[in-house]
Amino acid sequence: MTAPKRTPLFDAHVASGAKMVDFAGWEMPIHYGSQLKEHEIVRSDAGMFDVSHMTVVDITGSDAKVWLQKLIANDVAKLGFEGKALYSGMLNEQGGVVDDLIVYLTATGYRMVINAGTTEKDLAWMDKQSAGFDVKLQVRRDLAMLAVQGPTAIAKVCSVKPELADAIQALKVFQGLPSGDWFFARTGYTGEDGLEIMIPADQAITFFDELKAAGVAPIGLGARDTLRLEAGMNLYGHDMDETVSPLEAGMGWTIAWTEGRDFIGRAALEAQKAAGVAMKQVGLVLEGRGVLREGQKVVVDGAEGIITSGTFSPTLKHSIAIARVPAATGATAQVDLRGTLTEVRVVKMPFVRNGKKVFE
């Protein structure tokens with residue numbers, strides 16, 4: 001077994017009292033004492049997550065645009081100005097999700113952020129698909145990445161970077177701001193406002209310490225998971241994978257059906273649509289006792305689905321889940337909780353946005 005990799009912020013986590021665990025081959029903070037407290041800090045104030053284990057890939061070359069139009073299901077032609085971001089699935093020929101990612105337009109081409117656990121697979125797939133295209137992929141392990149999230153996140157980043165405050169405050173959601181070797185993007189994975197910031201690795205700890213001094217609390221992976229689940233956001237390898245299409249995983253909105261653009265997996269998705277998509281993604285709410293967990297069976301009129309992510313919601317004070325269920329599922333379903341079929345409500349996600357319950 002190879003030892004877990006460490007991000008440029010490893011020493012800062014240890015100094016902040018983090019409990020470190022192996023996550024996708026990286027030594028990462030699961031919490032700094034209390035996952036629940038960290039969750040509540042992000043919902044009410046501001047917290048920061050080390051996401052440097054994710055992989056930044058810069059894409060250049062004269063064919064970069066047409067190659068990306070083939071590679072991913074969303075269309076980079078939508079990226080109208082430098083820094084604009086797009087969320088997409090990267091699919092296989094069968095329409096399954098190889099990975100979900102964000103891609104930005106840059107001054108020299110494009111910048112893509114892919115998941116840590118899928119990096120080797122993704123890079124091999126991208127390399128294979130680049131045959132015949134003038135495209136160059138540069139993995140940016142010289143960068144660290146911090147997500148600062150919460151209602152006061154942007155104000156606190158601006159207090160640390162006053163010279164960029166006006167430009168950062170002018171950013172709209174899913175827009176990025178290049179500043180020398182730094183890149184500030186108004187994106188995130190929590191259902192709160194905030195920024196994801198790419199920085200040279202050798203400046204990461206200083207910035208982390210400055211944010212901490214400005215009142216931004218370090219937050220571990222445990223709270224990151226409960227926050228994203230409340231926000232109804234997919235986690236790769238749980239809510240979708242290579243056997244699940246975006247149409248079955250609540251990602252239909254990320255597919256650009258631009259006429260004449262033949263992206264990988266398009267034919268399979270069109271066939272699935274024509275035949276009728278058998279499964280759909282929904283939110284489940286259990287307001288009584290018990291906790292919904294990944295892998296539990298969902299029963300609807302004799303047909304079955306499955307919970308793909310489930311937890312106790314710290315904000316709502318009851319259990320919630322993301323599930324893949326038969327397409328005909330209505331307002332209620334049953335979940336097999338330790339052998340007992342228990343009634344749950346079926347709701348439209350997200351569960352929580354900006355700290356407040358949003359489903360009916």
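- There is a side-chain donor-acceptor pair under 3.5 Å between Asn115 and Asp100.
- Checked by atom type, the side-chain pair Thr118/Asp99 shows a donor-acceptor distance below 3.5 Å.
- Atom-to-atom distance recorded for His53:NE2 and Thr7:OG1 is 9.0 Å, nearest 0.5 angstrom.
- Under the 3.5 Å distance criterion, with hydrogens and angles disregarded, a donor-acceptor pair is assigned to the side chains of Thr308 and Asp239.
- For the 3.5 Å distance criterion, the side chains of Thr329 and Lys280 fail to qualify, holding no donor opposite an acceptor.
- Using modelled atom types and a 3.5 Å distance limit, the side chains of Gln272 and Glu248 yield a donor-acceptor pair.
- A donor-acceptor pair shorter than 3.5 Å can be found between the side chains of Gln281 and Asn234.
- Ring pair Phe183/Tyr104: centre-to-centre distance below 6.0 Å.
- No salt bridge links Arg224 with Glu38; every basic N to acidic carboxylate O contact stays at or beyond 4.0 Å.
- A cation-pi contact, defined as under 6.0 Å to the ring centre and within 45° of the axis, is absent between Lys172 and Phe174.
- Both Leu79 and Val66 belong to a single network of hydrophobic side chains, linked directly or stepwise wherever heavy atoms of I, L, V, M, F, W or Y lie under 4.5 Å apart.
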Worked check of salt bridge (Lys or Arg N to Asp or Glu O under 4.0 Å) between Asp45 and Lys156 = CA-CA 10 Å; Asp45 191 357; Lys156 287 184 174 178; 2.8 Å; yes
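- A side-chain contact (heavy atoms from CB on, under 4.5 Å) with Ile199 is found for exactly one of Phe184, Phe208, Trp182, namely Trp182.
- Residue Leu247 is not grouped with residue Val98 when hydrophobic side chains (ILVMFWY) are merged at heavy-atom distances under 4.5 angstrom, including chains of intermediate members.
- Enclosure of atom NZ in Lys357 by more than 12 non-hydrogen atoms of other residues, nucleotides or ligands within 6.0 angstrom is indicated.
- Residues in residues 68-88 take part in these ring pair (Phe, Tyr, Trp, His ring centres under 6.0 Å) pairs, two or more places apart or across chains: Tyr87-Trp253.
- In terms of heavy-atom proximity, Val42 sits nearest to Glu192 at O-CG, 3.6 Å.
- At a cut-off of 3.5 Å, with distance as the only test, a side-chain donor of Thr187 or Glu196 sits close to an acceptor on the other residue.
- Using a 3.5 Å distance cut-off with no hydrogens or angles, the side chains of Thr226 and His39 do pair a donor with an acceptor.
- Between the side chains of Thr119 and Thr55, at least one donor-acceptor pair of N or O atoms lies under 3.5 Å.
- A donor-acceptor pair is defined here as one N or O able to donate and one able to accept, closer than 3.5 Å; such a pair exists between the side chain of Arg261 and the backbone of Ala73.
- No option in Leu195, Leu9, Val51 other than Leu9 meets the side-chain contact (heavy atoms from CB on, under 4.5 Å) test with Leu146.
- At a cut-off of 3.5 Å, with distance as the only test, a side-chain donor of Glu294 or His238 sits close to an acceptor on the other residue.
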Can Leu292 and Ile320 be said to form a side chain to side chain contact (heavy atoms under 4.5 Å, CB included), step by step?
-> CA-CA 6 Å; Leu292 303 175; Ile320 57 172; 5.7 Å; no
